[in-house]
Amino acid sequence: MHDIKAIRDDTGAFVRGLSRRGMANAQSVADNFLKKDKALRDLLVRLQGEQARRNDASKLIGQAKAKKDEAGATALMAEVAGLKESIQKGEAEQRELEKEIRDDLSVIPNIPAADVPDGADESANVPVAARAFGKPPSINNPKQHFEIGDALGQMDFERAAKVSGARFVYLKNDLAKLERALGAFMLDTHTGTFGYTEVSPPVLVKSAALFGTGQLPKFEDDLFRTTSEDPFWLVPTAEVPLTNYVADEILSEAELPLRFTAFTPCFRAEAGAAGRDTRGMIRMHQFSKVELVSITAPEQSVSEHERMTDAAQEILKKLDLAHRVVTLCTGDMGFGAIKTYDIEVWLPGQNAYREISSCSNCGDFQARRMNTRYRNAEGKMKGPVHTLNGSGLAVGRTLVAILENYQQPDGSVAIPDVLQPYMGKKVIGKV
RNA sequence: GGACAGGUGGCCGAGUGGUUGAAGGCGCACGCCUGGAAAGUGUGUAACGGUGAAAGCCGUUCGAGGGUUCGAAUCCCUCUCUGUCCGCCA
């Protein structure tokens, strides 16, 4: 959520930022805000003058009554009665205008950071050379993960379709255990090496939480929800409950940054993704993910973003999986982000790098929506915090990457060294 | 799901229609006192918005939203959250 004052004070920056995102009518969008903002402030000047007169008169009425000056009181009451209608009308107008501004504002995306490359879509994303890791392994006739899983008899899409429909899967035996092992390994790394606090959060949340992180109101179609009047929503990512943990709170500067990690299922309707990644586990309605969230002071967020990306990459490094990192261009970034790194892991079966993590700095955008602020040590209010989130990592896709990168000629799958203690074995074979 | 009790400033806690943005306490800041500290003592300590060069002035806010009234933290309605008990239950 943008600060209307920021739009007023530097309209040019607002328009340029939205234009870089590909919004064609950014200027008229800004003009609309300026017009409504002016109308609201003009209204407030008038309304507050009337309220001040009413308040003064009401105090005088109290004094007159205390002195038994009924005539004086009656005269004052008559004066205030005239103001009443005008004030009530003005207040209704004020509510209406404020709601309009908020509703308009709530669907405007964040402004990209200065160092984010311009571009319309993913083809304009820019690799971060210094973050590249490893080389794709040479594998003869590599199989895709669903072929491997099916041959092992431990990955069953047919039965999942019978029970739940498309985009669901049953994992069994060692593959089910591998998912659990990955979650534990990722959590242990983030808590042990990077100081994140492990959290087991709710995965059903109220609408306000999804507004806070920016999924609502604009992206309702991507979400699953309950049918109740006041619905619960299934979280599309643990970013939602982890970030909203601090919603409507005033934090103290000394406790920042806060770092949370959680291993949860995620639920996405994948509306509009028809025909994409229809085979295998790449794009599911339900998948598990280890999420990273940081709440920081504004001046900390840029370095925290690098640190968070380091933490996510560390998982892939320990698993010895080749990957690269790209800076998303303006046209490919999510709604709330000012800058995003995507981590893409090599999938031999697809002969391609595929996204396995996305780490975003959201600046104060979510903090404004959630109303999360902080005070300094002297107790002075410093304003909204910054928030960041990243996958550390998508567990389902990590499992896919392990199957495809560690596949053996005999159809078995070697278990990466760091996971062997969690799995209690070195190879996954046919049961 | 049912019953009852509650949501007041950074925290605790008074306050049931009138000069209350809110007593008192804690905490915090600054000063006095002290060799230094503690104790004691004095003063000050909300957010958001409007206006203004600034000082300041004005408005709004006592869980949220409506309403009654000249005037609401105080009365009415709706919602929400918390606590306790009952029911149900992994």
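Lettering of chains follows the sequences in order, A, B, ..., and the numbering in each one begins at 1.
We find that A/K339 and A/D115 are joined by a salt bridge, their nearest charged nitrogen and carboxylate oxygen being less than 4.0 Å apart. The existence of a salt bridge linking A/E270 and A/R283 is confirmed by a sub-4.0 Å separation between a basic side-chain nitrogen and an acidic carboxylate oxygen. One finds a salt bridge joining A/E50 and A/R46 here, because a Lys/Arg side-chain nitrogen approaches an Asp/Glu carboxylate oxygen to under 4.0 Å. The pair A/D42-A/K38 counts as a salt bridge, with a side-chain nitrogen and a carboxylate oxygen less than 4.0 angstrom apart.
Taking the C1' atom of each, B/rC75 and B/rG17 are spaced 8 Å apart, rounded to whole Å. The gap from the P atom of B/rA55 to that of B/rG66 amounts to 33 Å, rounded to the nearest Å. Of the C1' atoms belonging to B/rG10 and B/rG44, the separation is 15 Å, rounded to the nearest Å. Between B/rC48 and B/rA38, the distance separating the two P atoms is 33 Å to the nearest Å. Between B/rC28 and B/rC86, the two P atoms lie 42 Å apart (nearest whole Å). Atom name P, nucleotides B/rG21 and B/rG63: the rounded distance is 16 Å, in whole Å. Nucleotides B/rC76 and B/rU16 have their C1' atoms positioned 14 Å apart, rounded to a whole Å. Comparing the same atom, P, in B/rG7 and in B/rA29 gives a spacing of 31 Å after rounding to whole Å.
Residue A/K84 has its side chain nearest to B/rC70 when only B/rC70, B/rG50, B/rG66 are considered. Out of B/rG66, B/rG18, B/rU60, the shortest distance to the side chain of A/R54 is found at B/rU60. The A/R373 side chain lies nearest to B/rA47 when the options are B/rA47, B/rU19, B/rG67. Listed nucleotides B/rC70, B/rG59, B/rG49 differ in distance to A/N55; the shortest reach to its side chain belongs to B/rG59. The nucleotide whose nearest atom lies closest to any side-chain atom of A/L44 is, among B/rA46, B/rG49, B/rC70, B/rG49. Of all nucleotides listed (B/rG67, B/rU19, B/rG59), B/rU19 comes nearest to the side chain of A/K59.
Between A/Q88 atom CD and B/rG71 atom P the separation is 8 Å, expressed in whole Å. Rounded to whole angstrom, the span from the CG atom of A/L47 across to the P atom of B/rG50 amounts to 14 Å. The distance from atom NZ of A/K38 to atom C1' of B/rU51 is 12 Å, rounded to the nearest whole Å. Following rounding to the nearest Å, A/E98 (CD) and B/rU61 (P) show an atom-to-atom distance of 12 Å. In this structure, the CG atom of A/L76 is 13 Å from the P atom of B/rG71, given to the nearest Å. Counting to the nearest Å, the P atom of B/rG49 and the CG atom of A/L40 are 12 Å from each other. Taking atom CD of residue A/Q51 and atom P of nucleotide B/rG71, one finds them 12 Å apart after rounding to whole Å. When rounded to the nearest whole Å, the span between CZ of A/R41 and P of B/rC48 equals 18 Å.
For B/rG83, the paired base is B/rC4 (Watson-Crick or G-U wobble, both distances below 3.5 Å). Of the nucleotides present, none pairs with B/rC88 by Watson-Crick or G-U wobble criteria with both distances under 3.5 Å. Of all nucleotides present, only B/rG56 satisfies the Watson-Crick or G-U wobble test against B/rU51, with each distance under 3.5 Å. Figure legend. B/rU16 is base-paired to no nucleotide; pairs are counted as Watson-Crick or G-U wobble with both atom distances under 3.5 Å. Across all strands shown, B/rG40 is found opposite B/rC32 as a Watson-Crick or G-U wobble partner, with both distances under 3.5 Å. For B/rG10, the paired nucleotide is B/rC26, the pair qualifying as Watson-Crick or G-U wobble because both relevant distances are below 3.5 Å. Within the shown strands, B/rU61 is the pairing partner of B/rA46 under the Watson-Crick or G-U definition, both distances less than 3.5 Å. When Watson-Crick and G-U wobble pairs are counted only if both distances are under 3.5 Å, B/rA73 pairs with no nucleotide at all.
No engagement by A/R368 is indicated, since no non-hydrogen atom pair under 4.0 Å with the nucleic acid exists. Residue A/E91 is out of contact with every strand shown, counting any heavy-atom pair closer than 4.0 Å. Nucleic acid contact class of A/A52 (heavy atoms, under 4.0 Å, all strands): sugar-phosphate only. As judged by a 4.0 angstrom heavy-atom cut-off over every strand, A/R46 is placed among residues making no nucleic acid contact.
Place A/D37 and A/K206 on RNA chain B by their nearest nucleotides, and A/D37 ends up nearer the 5' end. Residue whose closest nucleotide on RNA chain B sits further toward the 5' end, between A/A78 and A/S58: A/S58.
Going from atom OH of A/Y170 over to atom CZ of A/F157 covers 13.0 Å, rounded to the nearest 0.5 Å.
Across A/V345, A/L419, A/I415, A/L175, a single residue satisfies side-chain contact (heavy atoms from CB on, under 4.5 Å) together with A/I402, and that is A/L419.
Relative to the ring axis of A/F211, A/R369 places its NZ or CZ within 45° and under 6.0 Å from the centre.
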Test side-chain hydrogen bond (donor to acceptor under 3.5 Å, both in side chains) applied to A/T296 and A/E304, step by step: CA-CA 8 Å; A/T296 76; A/E304 183 72 11; over 6 Å; no
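Below 30°, between 30° and 60°, or above 60°: for A/F365 and A/H2 the angle between ring planes is above 60°, a perpendicular geometry.
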Hey, what are the protein-to-nucleotides 26-28 of chain B N/O distances that come in under 3.5 Å?
none

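Checked against the 6.0 Å centroid threshold, A/F260 and A/Y245 count as a close aromatic pair.
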